[in-house]
Engineer: 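Pasting a structure here, questions to come.
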Amino acid sequence: TWHEENVSMMKRICKSLMFACVALLMGMLSACSGTDYLNAIPKKSTAIISVDMQQMAGDDHIADKTGMLQSLLHVDDVSKCGIDVSEKMYLFESADGNLGLCAKVSDDGDVEDWLSSLTKQRICTPVTERKGFHFTVLKDSWLLGYSDKALLVMGPVVADAQAQLQQQMVKYLKADEDEGITASPMFDRLESIGSPMAMVAQAQALPEKFVAPFTLGAPKDSDPSQVVIAAEMNVKDGILQIKGETFSFNKEIDAALQKAAKTYRPIKGQYVKSMPADALAGIFMNVKGEEFLPMMQSNRSLQTLLMGINQAVDMDNIIRSVDGDMAIVMPSLTDADMKMMMGAKLAHSKWLGDVDYWKQSCPAGAKIANWGKNAYFYTDGKTSFYFGVTDNLQFYSGSDELLAQYAVKPSNHPIPAKVQRLIVGQKLAMVVNLGNGAGSGNTGSDALSAVTGLLSPIFGNLNTVVYTLK
């Protein structure tokens, strides 16, 4: 009937209106979700660190929860600069290697006023507009761009490359959800880490010569971009502690990494005092050599480290004999001057019976000669390698006599006791020294210093990084 048709039509109209209201409400909630600023972080970033200022507020080890803004961005009053410090800030490395910082904008008018005051102080250049976004150059080398949602700082960049980076930042600032970091599986992993500071990084984002501990166990043909580190980060007494795990979004690689992680046993600490306080880096573990050797053989970084030696000395056979703590310490690490010392507890020293054969089969221009009791040295005129076995079955080696001797002896000035304590009992540990000018002038140290330089205003002076495997 006419009445029934009217009732049916009214129901359809009400239903349509209800769906329209729900859709509108969802759209409004989405628009007000407060996460739009994250779209400015490129989806293909190779590393991302989240910094939760609110969680950090109650941490006694933090010098100033707004220190990063005050130091890097010259913010005097955080409440008036237009940046929302109640939301997480993010540090990231873009696919082309630029470092970046992303923060949420609460009031773009306040950002404009703050930057105007910096221009008067000649800390930044006058603000210009490009495609609806605003830009300035901060402290001659950092490009700052902002919209009404996000503030982006990227660099460091030389003057000639600023126009190209600005063009890239325009693309980032206008990106939608599909192009931003929230569309990356790396971001999902980052958000699952509960600490005030968290990191997810592809192994390729790390300085090349520090990649070895993170890629151990990955299949030989796997790309460093497929190996990912997820870690919680904390700072105490000048030490940046990174507790992480290595994984891969590739199932085959991930299975290999998880299998490798079971190879490590708790570190007893036999060689923690052998690392000098001014050495650049040290890797510590406790392994059974027969299980560890295949991991070492498939690791390009460690193979590169031992390449020159392996031509004359059968390092594979030596590694097979290890059963216990092992430490590889790098006093310095530059392309021109690579020094190394290694100490390890052995199950046996049967390979000493092969040394005479090694002497006879040395490559042309190289030789192996006696150095002491069960001790020898190899030289080819460019590379030197001293090695031997103590009476209590400890292997020691180094790129000169002194380094070799101290590989299994306490250093006169070892790394601090508080650092040693962080190593003992762990499955795998890597220590990187940022202080005392260690490794000065090498790319690995410089890259780490760039990141810790951003973090030091919050935590005070950082002098050591300690990475441990969960």
Side-chain angles (χ1 to χ4, degrees), residues 61 197 199 201 203 206-216 229 231-246 264-287 299 301-302 305 324-334 338-344 398-399 403 406-440 442-449 451-452 455-456 459 461-470:
H61 302 299
M197 276 186 69
M199 173 184 78
L206 303 170
E208 186 182 353
K209 289 168 182 170
F210 294 140
V211 166
F214 306 101
T215 53
L216 274 168
I229 298 101
E232 54 186 61
M233 303 167 71
N234 294 288
V235 171
K236 187 175 181 180
D237 300 329
I239 303 167
L240 175 59
Q241 298 175 37
I242 305 174
K243 295 178 183 177
E245 53 191 328
T246 311
Y264 303 115
R265 304 177 298 198
I267 298 164
K268 292 179 180 176
Q270 191 163 0
Y271 304 117
V272 292
K273 288 184 171 67
S274 299
M275 181 174 172
D278 62 352
L280 175 63
I283 303 167
F284 301 85
M285 63 188 80
N286 184 302
V287 291
N299 190 281
S301 299
L302 283 181
L305 202 63
D325 273 11
M326 181 164 76
I328 300 172
V329 174
M330 289 150 281
S332 66
L333 192 59
T334 65
M338 188 166 70
K339 294 184 180 296
M340 183 189 79
M341 53 199 284
M342 175 179 163
S399 43
L403 289 176
Y406 272 92
V408 293
K409 290 180 182 177
S411 168
N412 293 328
H413 302 285
I415 52 174
K418 60 187 178 183
V419 175
Q420 294 175 30
R421 285 193 291 271
L422 293 174
I423 300 169
V424 178
Q426 301 298 326
K427 290 192 286 186
L428 175 72
M430 183 173 188
V431 177
V432 180
N433 181 18
L434 302 171
N436 303 327
S440 179
N442 76 76
T443 53
S445 181
D446 292 345
L448 280 166
S449 296
V451 175
T452 53
L455 302 179
S456 59
F459 300 110
N461 188 38
L462 292 173
N463 48 52
T464 311
V465 177
V466 179
Y467 172 86
T468 52
L469 186 69
K470 275 187 178 179

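Starting from 1, each residue takes its place in the sequence as its number.
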Engineer: With sequence neighbours left out, write down each residue that passes side chain to side chain donor-acceptor pair (under 3.5 Å) with Ser274, or none if nothing qualifies.
Structural biologist: none

Engineer: Please enumerate all residues that pass side chain to side chain donor-acceptor pair (under 3.5 Å) together with Tyr467, with sequence neighbours excluded.
Structural biologist: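 Not a single residue meets the side chain to side chain donor-acceptor pair (under 3.5 Å) criterion with Tyr467.
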
Engineer: Atom CE of Met342 and atom CG of Leu403: how far apart are they, to the nearest 0.5 Å?
Structural biologist: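 If we round to the nearest 0.5 Å, Met342:CE and Leu403:CG are 14.5 Å apart.
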
Engineer: Within this structure, what is the CD1-CG distance for the pair Ile229 and Leu469, rounded to the nearest 0.5 Å?
Structural biologist: 10.5 Å

Engineer: Determine the minimum heavy-atom distance between Ile423 and Ala429, stating which atoms define it.
Structural biologist: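 That closest heavy-atom pairing would be CG2-CB, 3.9 Å.
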
Engineer: Considering residues at least two apart in sequence or located in another chain, which fulfil the side chain to side chain donor-acceptor pair (under 3.5 Å) criterion with Arg421?
Structural biologist: none

Engineer: Between Tyr271 and Ala344, which heavy-atom pair has the shortest distance, and what is it?
Structural biologist: OH-C, 3.2 Å

Engineer: To the nearest 0.5 Å, what is the distance between CG (Asn433) and CG (Asp278)?
Structural biologist: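 Taking CG in Asn433 and CG in Asp278, the distance rounds to 7.5 Å.
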
Engineer: Lys470: what forms a salt bridge (Lys or Arg N to Asp or Glu O under 4.0 Å) with it, not counting sequence neighbours?
Structural biologist: Glu232

Engineer: What pair of heavy atoms forms the shortest contact from Pro213 to Leu428, and how long is it?
Structural biologist: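 Result for this residue pair: O-CD2, 3.6 Å.
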
Engineer: With side-chain contact (heavy atoms from CB on, under 4.5 Å) as the test, pick out the partner of Phe284 among Gln270, Met275, Met326, Gln426.
Structural biologist: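 Among the candidates, only Met275 passes.
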
Engineer: Does Gln420 have any side chain to side chain contact (heavy atoms under 4.5 Å, CB included) partners at least two apart in sequence or in another chain, and if so, which?
Structural biologist: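 Per chain and number, Gln420 pairs via side chain to side chain contact (heavy atoms under 4.5 Å, CB included) with Val272, Lys273, Pro414, Ile415.
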
Engineer: Could you walk me through whether Phe214 and Met430 pass the side chain to side chain contact (heavy atoms under 4.5 Å, CB included) check?
Structural biologist: CA-CA 10 Å; Phe214 306 101; Met430 183 173 188; 4.3 Å; yes

Engineer: Kindly compute the distance separating CG (Leu240) from OG1 (Thr464), expressed to the nearest 0.5 Å.
Structural biologist: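 Answer rounded to 0.5 Å: 9.5 Å.
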
Engineer: Among all residues two or more places apart in sequence or in another chain, which pass the side chain to side chain donor-acceptor pair (under 3.5 Å) test with Asn286?
Structural biologist: Arg265, Asp325

Engineer: Taking Thr468 for its side chain and Lys243 for its backbone only, find out whether a donor-acceptor pair lies under 3.5 Å.
Structural biologist: no

Engineer: Can you check side chain to side chain contact (heavy atoms under 4.5 Å, CB included) on Leu216 and Tyr264, steps first, answer last?
Structural biologist: CA-CA 11 Å; Leu216 274 168; Tyr264 303 115; 3.4 Å; yes

Engineer: With a 4.5 Å cut-off on side-chain heavy atoms, are Val329 and Pro276 touching?
Structural biologist: yes

Engineer: For residues Ile283 and Met330, determine if any side-chain heavy atom of one lies less than 4.5 Å from a side-chain heavy atom of the other.
Structural biologist: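 They are in contact (side-chain heavy atoms under 4.5 Å apart), so the answer is yes.
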
